[in-house]
Protein chains: 2
Amino acid sequence: MSGFTRYNKILNLFSEQRSSWTVLEISDELKTPSSTIYRIVRELVSAEFLESTAGSYFRLGPSFIKFNRIINLSDPLVKAGQPFLKKIANENPIESVNVLARLYGNKVMCVADYKTPFFKNNTSYQKGKLMPLIYGATSRAIIMKIVGKSLEDLLKQETFYDDNDKNTFFKNLKNDNKKGYCKTEGQVDKGLIGFAVPINNKKLGIEASLSSIFNSIDFHPEHEPIIYANLTSYALLIERYINQIFDDIQNYHQISS
Amino acid sequence: MSGFTRYNKILNLFSEQRSSWTVLEISDELKTPSSTIYRIVRELVSAEFLESTAGSYFRLGPSFIKFNRIINLSDPLVKAGQPFLKKIANENPIESVNVLARLYGNKVMCVADYKTPFFKNNTSYQKGKLMPLIYGATSRAIIMKIVGKSLEDLLKQETFYDDNDKNTFFKNLKNDNKKGYCKTEGQVDKGLIGFAVPINNKKLGIEASLSSIFNSIDFHPEHEPIIYANLTSYALLIERYINQIFDDIQNYHQISS
DNA sequence: TCTAAAATTATCAAAATACAAGAAAATATG
DNA sequence: CATATTTTCTTGTATTTTGATAATTTTAGA
């Protein structure tokens, strides 16, 4: 274990399910002497990536809150998409959750969301939570624009029930691509139906999606064209806006150098 | 530059003002050979703490969003305080921003907030933003519970206009402590008035505050007792709730070991 | 498409640092 | 206050990092 790995392995132990660890627990888990872990943890504490709490436990430190804010204020995707989520919600015919998501390694992560005040149930897509790559419209709208070797690499870790299952998956992907959007029901959350369109920017390396999620019970087929038109037009708007934000950054760098 | 410092120094270059850097810029800034920076940046990218974007720029990566979420779901202070912020807002007599803040090094950082829908202006206290230690009720309510050498160390970095200024500061702190809450107007944001009470938990090492911020123009002296009663009672509730959350964590660890 | 420039990765010996294990110190606990 | 636990310190040795340079890949412009 060397380089950043030795810090990252420790940080990645801290999860939703288990958010506090003692040095000895970390030492056991990583099979590394406790004197070493004490030193590394001390370093992470002084950078506020970890902090000590009662009972000789440690938990994630406030640095993450700080950097998360900087991302919210500066990430072109978040910056471009966030302001539109509420508008999309208001133009949808029924109560909805609206999600901006992106690739994160070989998972999908929501980076911004807006839920209408009276939406019942909760979607599993929450800011910062890693979601499956191949289930749900939000995820599928992202991968439907990825092709060739990139797609192969991404899907390498995924397991399909059988060959038939796999073929169906690719057929659906192709169909969605032709339609330009993706619709799934109950794949991630029972009782919810999701619609999603891709958001891409090759220059900036952005592979993302914009989606609206509804309670199945509220949804009627006549809503579909409105939802689709809504998503498509806003995705285009966001893509354009991303370019503009990027140009602004470029100009900023040129002026200040 | 050794250990975690070498990573932290690079990450800390990324700020609200300047959110993307090239390797050469980093190399210049840190006066470190570019071959070294290339290696370190590559490590941070593969851990998704940084990500590359167009024009050979790098920016903060999605790992921070992920860890930020885990903190939101697990930090005892956030967990205990977040659910009450909206309630406090609703019980306040006028439109308000309500903030849960804590010590972060020798600054103060907001970790959770709730703004009523029609609040005009914005407070500078935003989730993740570092704020001055000695100005504003939010900050002062935190340091008013810190004494002795800890307080001295904290204030070491602060500069006062003159001795008189310093004495006034300490006198106010003492007064606030006697009253049990802190009130300041226009210290951080012109046109805003803030009230704050401390939230402490020695066992858990929590040094925080709960505050309500109003537009000066909306505020009338007869509101003050209500605001104060509101803050005090919720702070107590939050302190109790923190203890309960901590006991739950303790139990969880005992059961699973 | 080709070409030149820029960005990134690879190499490797010297220098710096992390490591492990136990001892010592500090801190928490009853 | 005594004991147990947690944390830091110490040391020679092994490992990792570093940085100058070279090699390769990517990008941008003609």
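Lettering of chains follows the sequences in order, A, B, ..., and the numbering in each one begins at 1.
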From [atom1] of [X] over to [atom2] of [N], roughly how many Å is that when rounded to an integer?
| X | N | atom1 | atom2 | value |
| --- | --- | --- | --- | --- |
| B/Leu30 | D/dG19 | CG | P | 11 Å |
| A/Arg39 | D/dT16 | CZ | C1' | 12 Å |
| A/Tyr57 | D/dT5 | OH | C1' | 13 Å |
| B/Ile10 | D/dT17 | CD1 | P | 13 Å |
| A/Glu25 | D/dT7 | CD | C1' | 16 Å |
| B/Ile26 | D/dT18 | CD1 | P | 14 Å |
| A/Ile40 | D/dT8 | CD1 | C1' | 15 Å |
| B/Lys9 | D/dT17 | NZ | C1' | 16 Å |

What I want to find out is whether [X] reaches [Y] closely enough, with some N-O distance under 4.0 Å, to be called a salt bridge.
| X | Y | answer |
| --- | --- | --- |
| A/Asp153 | A/Lys156 | yes |
| A/Arg69 | B/Glu16 | yes |
| B/Asp75 | A/Arg59 | yes |

Classify the side-chain pair B/Asn201/B/Asn243 by whether it contains a donor and acceptor separated by less than 3.5 Å.
->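 Looking only at side-chain atoms, B/Asn243 and B/Asn201 do form a donor-acceptor pair, the distance falling under 3.5 Å.
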Is a donor on one side and an acceptor on the other found under 3.5 Å between the side chain of B/Glu43 and the backbone of A/Phe4?
-> yes
Please confirm whether A/Phe67 and B/Phe14 have ring centers closer than 6.0 angstrom.
->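 For A/Phe67 and B/Phe14, the ring centres are not under 6.0 Å apart.
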Would you please confirm or rule out a distance under 4.0 Å between OP1 or OP2 of D/dT8 and any side-chain N or O of A/Tyr38?
-> no
Is the shortest side-chain N/O distance from A/Ser2 to OP1 or OP2 of D/dT17 below 4.0 Å?
->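 For D/dT17, OP1/OP2 do have a side-chain N/O of A/Ser2 under 4.0 Å.
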B/Thr36 has its side chain closest, among D/dC9, D/dT6, D/dG19, to D/dG19
Out of D/dC9, D/dT6, D/dT17, which nucleotide sits closest to the side chain of A/Ser35?
->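 For the A/Ser35 side chain, the nearest candidate turns out to be D/dC9.
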5' priority, DNA chain D, between A/Gly3 and A/Ser56 [closest heavy atom] = A/Ser56
With heavy atoms under 4.0 Å as the rule, sort B/Ser34 into base, sugar-phosphate or nothing.
->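 Contact class for B/Ser34: none.
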Sugar-phosphate, base or nothing in reach of A/Arg6, heavy atoms under 4.0 Å | sugar-phosphate
Would you grab the first and last nucleotide of DNA chain C (5' to 3') that comes under 4.0 Å of any non-hydrogen atom in chain B?
->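 So the outermost contacting nucleotides come out as C/dA7 to C/dA18.
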May I ask you to check whether over 12 heavy atoms, not counting those of B/Phe169, lie within 6.0 Å of atom CZ?
-> yes
